[in-house]
There are 2 protein chains.
Amino acid sequence: MQSLFRYFNSIHPLSKAAETAITTISSVVQVQKNKDLQAIGHTCKTIYFLKSGLARIYYFKESTDITESFSFENSLVVRYESLFTSKPSKKGIQVLEDAELIAIKSTALFKLYDTHPDIERLFRKVFEAALVEQISRIESLQFHTAEERYAALLKEAPDVIKRVPLKFIASYLGITAVSLSRIRAQK
Amino acid sequence: MQSLFRYFNSIHPLSKAAETAITTISSVVQVQKNKDLQAIGHTCKTIYFLKSGLARIYYFKESTDITESFSFENSLVVRYESLFTSKPSKKGIQVLEDAELIAIKSTALFKLYDTHPDIERLFRKVFEAALVEQISRIESLQFHTAEERYAALLKEAPDVIKRVPLKFIASYLGITAVSLSRIRAQK
DNA sequence: GTGATTTCTTATCATATGTAAAGTGCTTTC
DNA sequence: GAAAGCACTTTACATATGATAAGAAATCAC
């Protein structure tokens, strides 16, 4: 659990009591490469922290597989739109490399907000950071070309290329694998 | 201020003390059509609530004016990415119809979090809702065609067409005004 | 290791969108 | 009310991306 609390404390310091409370409602999960951590249609009630491995959130648009996002080591994997609306998610979480995760039960977590203000504050900040991230993603999709988006991804997460099949990267960028291939070729 | 607290209470109930505290750090602002409420380059330190009128958040990409979002009556206007990073925003807020707004000083607001847990909780929920909104926006930009996005906008905010110049709607959809014109023509 | 899959690239053609320019109609201004 | 400006549309052409299919390369299964 150390890696989790190292991550949390870098965002907002937690009391020992808070750490203990979070530990109580968390468990370690191992998932094999290519397996679904959470299936499409499942309502998100878990906040995952990726200790090792690699995951993506994906969905289908008319039988086309679309990657919404990637998650790397030491970051959270959450389908926020389902977590905060309590509706079944149209999205699934797939593990792309054997992964070890910490699963935090969200219903229990949200109850801790009443007794541990530092936990509420931590997660407020976590979700605010997620909001900022999404906004920069929108900017990127709204008015950068596919080529610019690819260059930005390379800069931001250089090893994504080595670790993730190109077809997943392509749909993440909002283009087809063929189109991404062309962009890569013209360098 | 009633409209503001009606809005807030629908998200999370506030104590009278909390309402008073928020009132103390808020003021009413009037802005004329086509004027900037906040200029590009300004660091966002204000959370605006739009009582009446209409506003947009915009920026320039290589001298092209791009609308990032519209805000209608009874909703917030915030450049979250600047508010939460304390960095100057590349975006400005422009008023598209004479508007009356309530300006909440964010630095003072965030201080109230310590003394009024209900205020922190309210804004946590407000920002969580914003996060969900941004995610659906990403989905829309990432894999819906311009035509689908236009149809979705019409459904979601039918009067946007009557109140907002098409060129702003076009860049909001991620296309040119010419392209939007074509889409409209082929119906 | 061999064959079978899967992944990636390349080629061809169709389509959507961009750019530029001109035209139409509406609104503003004096 | 004439002139000017602005918003929107239309046209013509250029370009980027999509769809499909086929080939090359890498990976997997046994």
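Predicted model, so just to flag it, every value in this text is computed and none were measured. Letters A, B, ... are given to chains in the order of the sequence lines, protein chains preceding strands, and every chain is numbered from 1.
Toward the 5′ end of DNA chain D lies the nearest nucleotide of Ala146(A), the other residue of the pair Ala146(A) and Val178(A) mapping further downstream. Position along DNA chain C of the nearest nucleotide to Lys167(A) versus Ser179(A) favours Lys167(A) as the more 5'-ward residue.
Atom CD of residue Glu100(A) and atom CD of residue Glu73(A) lie 11.5 Å apart, to the nearest 0.5 angstrom.
Annotation: cation-pi geometry not satisfied between Arg184(A) and Tyr150(A) (NZ/CZ under 6.0 angstrom from ring centroid, within 45° of ring axis).
Using a 4.0 Å cut-off between charged nitrogen and carboxylate oxygen, Lys125(A) and Glu128(A) do not count as a salt-bridge pair. A salt bridge links Lys61(A) with Glu148(B): at least one charged nitrogen is closer than 4.0 Å to a carboxylate oxygen.
Aromatic ring centroids of Phe123(B) and Phe8(B) lie under 6.0 Å apart.
Listed by first then second residue, pairs satisfying side-chain hydrogen bond (donor to acceptor under 3.5 Å, both in side chains) with a partner in residues 101-116 of chain A read Asp114(A)-Arg121(B), not counting sequence neighbours.
Reading DNA chain C from its 5' end, the first and the last nucleotide to sit under 4.0 Å from a heavy atom of chain B are dT17(C) to dA20(C). Taking 4.0 Å as the cutoff to heavy atoms of chain A, we find the contact window on DNA chain D bounded by dT17(D) to dT20(D).
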Given salt bridge (Lys or Arg N to Asp or Glu O under 4.0 Å), test Lys90(B) with Glu81(B) step by step and report yes or no.
-> CA-CA 10 Å; Lys90(B) 293 180 296 181; Glu81(B) 91 291 348; over 6 Å; no
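Ser181(B) comes within contact range of at least one nucleobase, with a heavy-atom separation under 4.0 Å.
For the pair Asp65(B) and Tyr59(B), the minimum side-chain heavy-atom distance is 4.5 Å or more.
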